[in-house]
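Quick note: numbers below take in every heavy atom, side chains included, and nothing from hydrogens, waters or symmetry partners. Below, chain A is the first sequence line, B the second, and so on; all start at residue 1.
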2 protein chains.
Amino acid sequence: MQIGELAKSTGVSIRSLRYYEQQGLIAADRQENGYRTYNPLMIEKVNTIKFYLSLGFTTEQIASFLHCVMMNKESFCSQIVPIYRQKLAEIEDQIQLLSQIRANLLDRIEAVTDENPNLLECESHVHNDIKSR
Amino acid sequence: MQIGELAKSTGVSIRSLRYYEQQGLIAADRQENGYRTYNPLMIEKVNTIKFYLSLGFTTEQIASFLHCVMMNKESFCSQIVPIYRQKLAEIEDQIQLLSQIRANLLDRIEAVTDENPNLLECESHVHNDIKSR
DNA sequence: ATAAACCCTAACATTAATGTCAGGGTCAAT
DNA sequence: ATTGACCCTGACATTAATGTTAGGGTTTAT
């Protein structure tokens, strides 16, 4: 299986596959002509990488526990739990922050619409005084 | 008021103040020696910029409505409402996405701890087979 | 032998706000 | 006249994953 086929099978670009290799996430055998060759199992591995990237892990973090999950022994590899928990905490912090921002935005919107229930159009601030009268 | 004082008064770095100027958010008069000079009102303006940056607006977006909010006529400037709403929608999308990630992470953690309630330590995958027995 | 479809490496570009550094003026006090 | 605390511009660095481009080799079919 060459890199193009792996890319198609996983939906990951060739560029990204080479990047994952460079980051130590995957390895490839080489044909005589220098082309990369992959074992069909690599599809699952790349999909696993995709999944953890989607969870917001960096390639470096994924590299630190990928062997664990690929062995189907995630549940035996306790080192992975604190990593999950840490990421979870980060995610929850981000949600918290975004929720605060959301509340601020709702305040702003409310402030505008409450004070001016019948809002007029205004394309430019130059005309504000006229239009708002 | 020189740039250093403005920086101290607002907690915004000199570098950032120059950047805001370059992005058209603020303007400065110049002394004969080329030093920037600011009106004391600039403090409020910079703080307003800080606030909107914290809401996740870009300098470009802020530039498009800053005159509005600085005139204390935010409520008369209807063009600002769709901008707020759009940002709100983005924020809510991000919250949605992060919540999904959060759920996935909780699943992972649950999967590990459920299948292996009495988790052993494992410093390295090399020793997994031994330690997990 | 040429075209099409593969593959390779290396390197630069992207994003946004900010940090940092280099090289250099200005000003006040001593 | 020197020191220290200001200020200036310009430019490169940061982050992380990916896109893109340049320049070039390989293979297969025609």
Does B:Lys87 have any salt bridge (charged side-chain N to carboxylate O under 4.0 Å, His left out) partners at least two apart in sequence or in another chain, and if so, which?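 Counting only residues at least two positions away or on another chain, B:Lys87 forms a salt bridge (charged side-chain N to carboxylate O under 4.0 Å, His left out) with B:Glu90.
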Please identify each residue that fulfils salt bridge (charged side-chain N to carboxylate O under 4.0 Å, His left out) with B:Arg18, with sequence neighbours left out.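 Scan of B:Arg18 (salt bridge (charged side-chain N to carboxylate O under 4.0 Å, His left out), adjacent residues dropped) gives none.
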Donor-acceptor list for residues 34-42 of chain B side chains, cut-off 3.5 Å, not counting sequence neighbours:
from, atom 1, to, atom 2, distance (Å)
B:Arg36, NE, B:Glu21, OE1, 2.8
B:Thr37, OG1, B:Gln31, OE1, 3.1
B:Asn39, OD1, B:Leu41, N, 2.8

Can a side chain N or O of [X] be found less than 4.0 Å away from OP1 or OP2 on [N]?
{"X": "A:Thr59", "N": "D:dA16", "result": "no"}
{"X": "A:Asn33", "N": "D:dT27", "result": "yes"}
{"X": "A:Gln2", "N": "C:dC6", "result": "no"}

Compute the bend angle of the helix from C:dA1-D:dT30 to C:dT30-D:dA1 from the end axes (five pairs per end), rounded to 10°.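 Answer rounded to 10°: the end axes differ by 40°.
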Of all of residues 38-54 of chain A, which get a heavy atom below 4.0 angstrom from DNA chain C, listed by number?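 Residues of residues 38-54 of chain A under 4.0 Å from DNA chain C: none.
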Main-chain N/O of [Y] paired with [X] side-chain donor or acceptor, under 3.5 Å:
{"X": "A:Ser16", "Y": "A:Val12", "answer": "no"}
{"X": "A:Lys45", "Y": "A:Met70", "answer": "no"}
{"X": "B:Gln61", "Y": "B:Thr58", "answer": "yes"}

Nearest-angstrom distance from the residue atom [atom1] of [X] to [atom2] of [N]:
{"X": "B:Ile3", "N": "C:dT18", "atom1": "CD1", "atom2": "C1'", "value": "14 Å"}
{"X": "A:Ile62", "N": "D:dA16", "atom1": "CD1", "atom2": "C1'", "value": "12 Å"}
{"X": "A:Gln61", "N": "D:dA16", "atom1": "CD", "atom2": "C1'", "value": "12 Å"}

Taking all non-hydrogen atoms of both residues into account, name the closest pair between A:Thr48 and A:Val69 and its distance.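 Shortest heavy-atom separation between A:Thr48 and A:Val69 comes out as CG2-CG2, 4.0 Å.
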Within residues 14-31 of chain A, which residues have any heavy atom lying less than 4.0 Å from an atom of DNA chain D?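 By residue number: A:Arg15, A:Ser16, A:Tyr19, A:Tyr20.
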Steps toward side-chain contact (heavy atoms from CB on, under 4.5 Å) verdict (A:Ile95, A:Ser99): CA-CA 6 Å; A:Ile95 290 175; A:Ser99 298; 4.0 Å; yes
Do the non-hydrogen side-chain atoms of A:Leu105 and B:Phe57 ever get within less than 4.5 Å of each other?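 Yes, their side chains come closer than 4.5 Å.
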Side-chain donor/acceptor of A:Tyr35 to base of C:dC8, under 3.5 Å: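 Check fails, no donor-acceptor contact within cut-off.
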So how far is it from B:Ile83 CD1 to B:Phe65 CZ, rounded to the nearest 0.5 Å?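 Reported value, rounded in 0.5 Å steps: 6.0 Å.
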Return whichever of A:Phe57 or B:Glu5 has its heavy-atom-nearest nucleotide of DNA chain D closer to the 5' end.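 Of the two residues, B:Glu5 wins.
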State which residue, out of A:Val81, A:Ile80, A:Leu88, fulfils the side-chain contact (heavy atoms from CB on, under 4.5 Å) condition with A:Tyr84.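 Of the listed residues A:Val81, A:Ile80, A:Leu88, the side-chain contact (heavy atoms from CB on, under 4.5 Å) partner of A:Tyr84 is A:Ile80.
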